[in-house]
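Keep in mind it's a predicted model, so treat the numbers as computed, not measured.
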Amino acid sequence: MLTVLGKEIDFDVTSPADMQRYLDAEAAMQRAAASLPPDPNPAAMATMEGLRAYQDYLAAQCKLLTDFIDTAFGDGTCNALLGPKTSLSTLLDVMEALHDAISSQGVQYAQRFAAYKPNRATRRKAAK
């Protein structure tokens with residue numbers, strides 16, 4: 001289980017099925033990113049056309065990230081983590097929290113696994 005922003009998510013970095021789902025979501029996000037609208041031009045923000053382009057950009061980025069989160073971690077995960085309002089800023093906070101939680105889980109696994117590597121004879125030899 002991952003704890004992200006105070007919420008429990010059923011995800012385990014040592015589960016092949018969970019990791020495959022994460023990798024598939026990452027690949028889908030990369031494919032979808034190729035069709036994102038261009039970054040908005042800050043100088044154009046003073047016009048209605050510029051604001052519409054910015055809104056299109058925000059909507060596309062939010063969809064990209066929410067799709068990734070729900071595909072990788074299960075439907076409804078994004079809503080549970082975001083709360084009542086979707087914003088790109090909040091989504092980036094969620095992505096950062098997910099990254100930190102996954103990294104932490106990976107470190108914990110590596111520490112546990114280290115107890116079994118190298119084998120006992122090698123550990124004894126190194127201790128002498």
Closest heavy-atom contact between V13 and Q105?
N-OE1, 2.6 Å
Distance (rounded to the nearest 0.5 Å) between F68 CZ and Q30 CD:
9.5 Å
How long is the straight-line distance from CD of Q61 back to CG of D56, given to the nearest 0.5 Å?
12.0 Å
Could you check L65, T71, I69, T86 and say which one makes a side chain to side chain contact (heavy atoms under 4.5 Å, CB included) with C78?
I69
In short, M29 meets L64 closest at the heavy-atom pair O-CD1, 3.5 Å
Note: C62 and S87 closest approach over all heavy atoms is SG-C, 3.9 Å
E8 atom CD, over 12 foreign heavy atoms within 6.0 Å
yes
CD on Q108 to OG1 on T14, rounded to 0.5 Å
11.0 Å
Looking only at heavy atoms, which two atoms of A60 and P37 are closest? And how far apart?
CB-CD, 3.4 Å
Same apolar cluster (I L V M F W Y, side chains within < 4.5 Å links), L98/V107:
no
Nearest-0.5 Å distance that lies between atom CG in L81 and atom CG in D93:
11.5 Å
So that I can tick it off, tell me whether R21 and D24 are bridged by a salt bridge, with the cut-off set at under 4.0 angstrom between side-chain N and carboxylate O.
no
Mind checking whether L2 and L23 sit in one hydrophobic cluster, side chains of I, L, V, M, F, W, Y counted as touching below 4.5 Å?
no
Report yes or no: does S35 contribute a side-chain atom to a donor-acceptor pair with the main-chain N or O of A32 at less than 3.5 Å?
yes
Spatial distance of atom OG1 (T90) from atom CE (M95) [nearest 0.5 Å]
13.5 Å
Would you give the length of the straight line joining atom NE2 of H99 to atom CG of L92, rounded to the nearest 0.5 angstrom?
13.5 Å
Could you see if I9 belongs to whatever hydrophobic cluster contains Y109? Use Ile, Leu, Val, Met, Phe, Trp, Tyr and a side-chain cutoff under 4.5 Å.
no
Where is the tightest heavy-atom contact between D18 and D10, given as atom of each residue plus distance?
OD2-O, 4.2 Å
side-chain hydrogen bond (donor to acceptor under 3.5 Å, both in side chains) partners of Q111, counting only residues at least two apart
none
Shortest non-hydrogen contact between Y54 and P40, atoms and distance:
CD1-CG, 3.6 Å
Parallel, tilted or perpendicular for F11 and Y22, by the 30°/60° rule?
tilted
Among the clusters formed by ILVMFWY side chains lying less than 4.5 Å apart, do I102 and M1 turn up in the same one?
no
